[in-house]
Amino acid sequence: MESIIEVRDLVKSFRASRGIFRKNQYTQVVEAVAKVSFSIKPKEIISVVGESGSGKTTLGRLIVRLLEPNSGKILFKGQDIFTLKTNDMLNFRRNVQMILQDPYDSLNPLYSIETSVVQPLNIFMKNMSRKTKREIVIKNLEKVGLNPAEQFLQKRPGELSGGQRQRVSIARAMIMDPKLVVADEPVSMLDASLRAEILNKMKKLKDTNDVSFMFITHDIATAKFMGDRILIFYKGAIVEQGNTSAVINNPSHPYTRLLIDSVPPINPEKARDYLSFKEEAGIEDQISTSSAGCRFANRCPFVMERCRTNAPNEVDISSDHRVSCFLYG
Amino acid sequence: MNNGRVDIALQENNAIIASRAKRVTVALFKSKRTTFGVAVLAFFLILAILGRFIAPYNPLIQSGPLWSPPSESHLFGTNYLGQDVLSWFIIGTATSLWVGVSVAFFSALIGVSVGLTAGYFGKYTDEVLMRFVDMLLVIPAFPLLVILSAYLPPTTNSTILILSVLSWPFMSRVVRSQVLSLKERGFVTASKLAGESRLKIMFKDILPNMLPIIFINIIYLVIGAIVAQAGLAFFGLGNINSINWGTMLYWAQIEDAAIQNAWWWIIPPGLAIGILGLGLNMLANGISDMILLNQGR
């Protein structure tokens with residue numbers, strides 16, 4: 001299958017201080033995304049798992065071109081998205097959407113739900129009658145479980161709960177039938193009881209709308225629930241990627257093992273392995289500054305001499321499971 | 001989807017919109033502060049608009065004995081020319097308010113445009129505009145006002161011009177900071193993702209969300225302009241022949257009203273400036289409280 005999005009050697013770094021008069025002074029350069037390559041296939045949910053500050057949101061924002069990279073390419077239908085001009089760019093916007101993390105912030109508080117959701121139609125379907133637009137809005141609101149949709153049309157975001165708002169955001173992202181939706185921690189701001197419902201809605205949309213999701217999360221349990229494939233992200237680099245069951249059942253990178261061991265079990269007495277992974281250096285240098293060697297070396301219990309000087313290459317564990325670690329060659 | 005459902009939805013919508021307008025009005029009169037502010041504003045607006053019909057005498061002709069204290073025929077007494085002080089006061093309200101409102105309008109216009117441009121385009125545009133604003137902000141305003149007034153023809157319009165030119169920088173700073181923070185909000189990102197043009201994001205997402213804050217600052221501009229105009233007029237700058245609260249104080253001072261014990265000539269304009277300022281201030285504070293409460297929802 002041809003992939004929809006292909007990410008090649010993507011690099012994005014930030015300077016810690018800004019301002020036109022300060023450019024030449026000493027600035028710390030933070031590499032949020034460092035030489036990342038992967039691809040997303042049609043009708044696939046790919047989960048990106050990483051801790052806060054690992055650059056996973058930056059990666060998501062690069063894929064929808066909210067940010068420009070320092071180097072590297074993202075190919076959409078064979079074209080680098082960072083070279084797209086007005087009309088092609090609009091077409092790209094139509095096909096690649098994003099669900100933002102904070103549902104309390106992602107809807108304009110002044111506009112009704114209808115005005116917010118209909119916005120893409122106003123941009124892409126200029127000749128459509130108001131009535132047709134309204135019907136499409138209603139259909140999409142019902143698809144994400146806002147029933148009866150008519151009652152929500154004229155409400156302001158302030159009159160809705162967080163879960164309802166996030167569903168409105170999803171409806172808005174889905175209204176143009178995009179090929180890829182980047183979901184940036186869409187359930188992290190929601191009550192635990194609502195999460196499963198939203199996640200199930202998204203899984204269902206994948207089947208009904210033929211859409212791929214890139215699901216960004218810090219929670220490997222959610223990632224396992226959602227993803228066909230998993231990317232483990234650490235300090236701006238992919239340390240392990242592959243088929244969800246392969247990665248979860250046979251976690252190969254020490255960081256992946258740490259993540260899986262850190263999931264609190266429902267039954268703590270039975271889980272002897274909980275937090276069995278010993279931290280060597282703690283979380284002292286969380287910011288991913290560029291350095292030679294493996295980025296996980298400071299925290300890794302299996303650290304070797306060459307880990308500190310050379311960066312490991314990706315190694316195939318099985319057909320759809322790759323890991324960047326010297327333990328495997 | 002049948003049409004009946006859509007029509008019913010439309011009807012319900014109108015009801016929701018009507019109830020929303022009602023809610024804002026109720027909220028405005030719920031707090032004592034905003035009620036007081038609205039009442040004060042309404043009182044002076046009526047004086048300003050209907051002043052010509054309310055004023056008991058022509059303020060420019062002698063209508064009683066000189067320096068007479070308040071009496072039944074002259075509620076606020078008369079001045080050194082035997083002119084009715086109440087009529088002066090009522091007619092003067094219009095000019096004072098007019099100066100306040102037009103200065104607020106023009107400086108809001110300049111301030112919002114500059115602030116939007118600086119905040120939105122950022123980088124060098126921002127740097128250049130804001131350094132210019134800094135320059136205007138550090139210039140001691142009142143001496144400059146005095147100098148400019150001395151050079152321009154003494155008309156009310158030049159007073160409006162001078163005050164407008166000098167009072168917009170603060171507004172532009174407020175607007176710029178609002179743009180900078182609103183630019184990073186999720187709904188702006190969402191509009192960007194939807195493919196909306198930058199200009200539309202500016203005027204549909206960013207500007208409407210700062211209207212309450214712009215409105216509050218306009219109120220402060222009105223107060224500032226009225227006080228500044230009165231101050232200029234008191235020093236004999238601007239049009240001393242026009243009738244307003246400032247010129248009332250000017251003539252009272254020139255003709256030694258204090259020595260004549262003519263308190264009735266000094267107190268009305270002074271008190272009016274104070275009360276109007278207080279009322280507008282309360283209105284502005286009340287509105288900003290309402291915004292804060294709304295943000296909590």
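Letters A, B, ... mirror the listed sequences (proteins, then strands); counts begin at 1.
- Side-chain contact between Lys204(B) and Asn108(A): absent, with no pair of heavy atoms (C-beta onward) separated by less than 4.5 Å.
- Other residues, nucleotides and ligands place no more than 12 heavy atoms under 6.0 Å from the CZ atom of Phe170(B).
- Neither the backbone nor the side chain of Ser197(B) comes within less than 4.5 Å of any heavy atom of chain A.
- With a 4.5 angstrom heavy-atom cutoff, Lys200(B) does not touch chain A via any of its atoms.
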Atom pairs and distances, donor-acceptor, side-chain atoms in residues 100-109 of chain B, under 3.5 Å, two or more places apart:
unit_1	atom_1	unit_2	atom_2	d
Ser102(B)	OG	Trp98(B)	O	2.4
Ser107(B)	OG	Val103(B)	O	2.5

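- For CZ of Phe215(B), the number of neighbouring non-hydrogen atoms (other residues, nucleotides, ligands) closer than 6.0 Å is 12 at most.
- When all heavy atoms of Ala194(B) and Gln119(A) are compared, the pair lying nearest together is CB-OE1, 4.0 Å.
- Judged as a side-chain hydrogen bond (donor to acceptor under 3.5 Å, both in side chains), and not counting sequence neighbours, the contacts of Arg65(A) are Glu68(A).
- Residues Ser116(A) and Phe187(B) fail the side-chain proximity criterion, which asks for heavy atoms closer than 4.5 Å.
- Among the candidates Leu107(A), Val64(A), Ile175(A), the residue making the largest number of heavy-atom pairs closer than 4.5 Å to chain B is Leu107(A).
- With a 6.0 Å radius and a threshold of 12 heavy atoms from other residues, nucleotides or ligands, Phe132(B) has its CZ atom at or below the threshold.
- Heavy-atom neighbours of chain B within the stretch residues 87-97 of chain A, taken at a separation under 4.5 angstrom, comprise Leu90(A), Arg93(A), Gln97(A).
- In terms of heavy-atom pairs under 4.5 Å with chain B, the best-connected choice from Gln101(A), Arg172(A), Arg61(A), Met98(A) is Arg172(A).
- Annotation: side-chain hydrogen bond (donor to acceptor under 3.5 Å, both in side chains) contacts of Tyr120(B) (sequence neighbours excluded): none.
- Neither the backbone nor the side chain of Asp102(A) comes within contact range of chain B, judged by heavy atoms closer than 4.5 Å.
- Counting non-hydrogen atoms of neighbouring residues, nucleotides and ligands closer than 6.0 angstrom, the NZ atom of Lys183(B) exceeds 12 such neighbours.
- Across Asn209(B), Leu211(B), Asp205(B), a single residue satisfies side chain to side chain contact (heavy atoms under 4.5 Å, CB included) together with Leu110(A), and that is Asn209(B).
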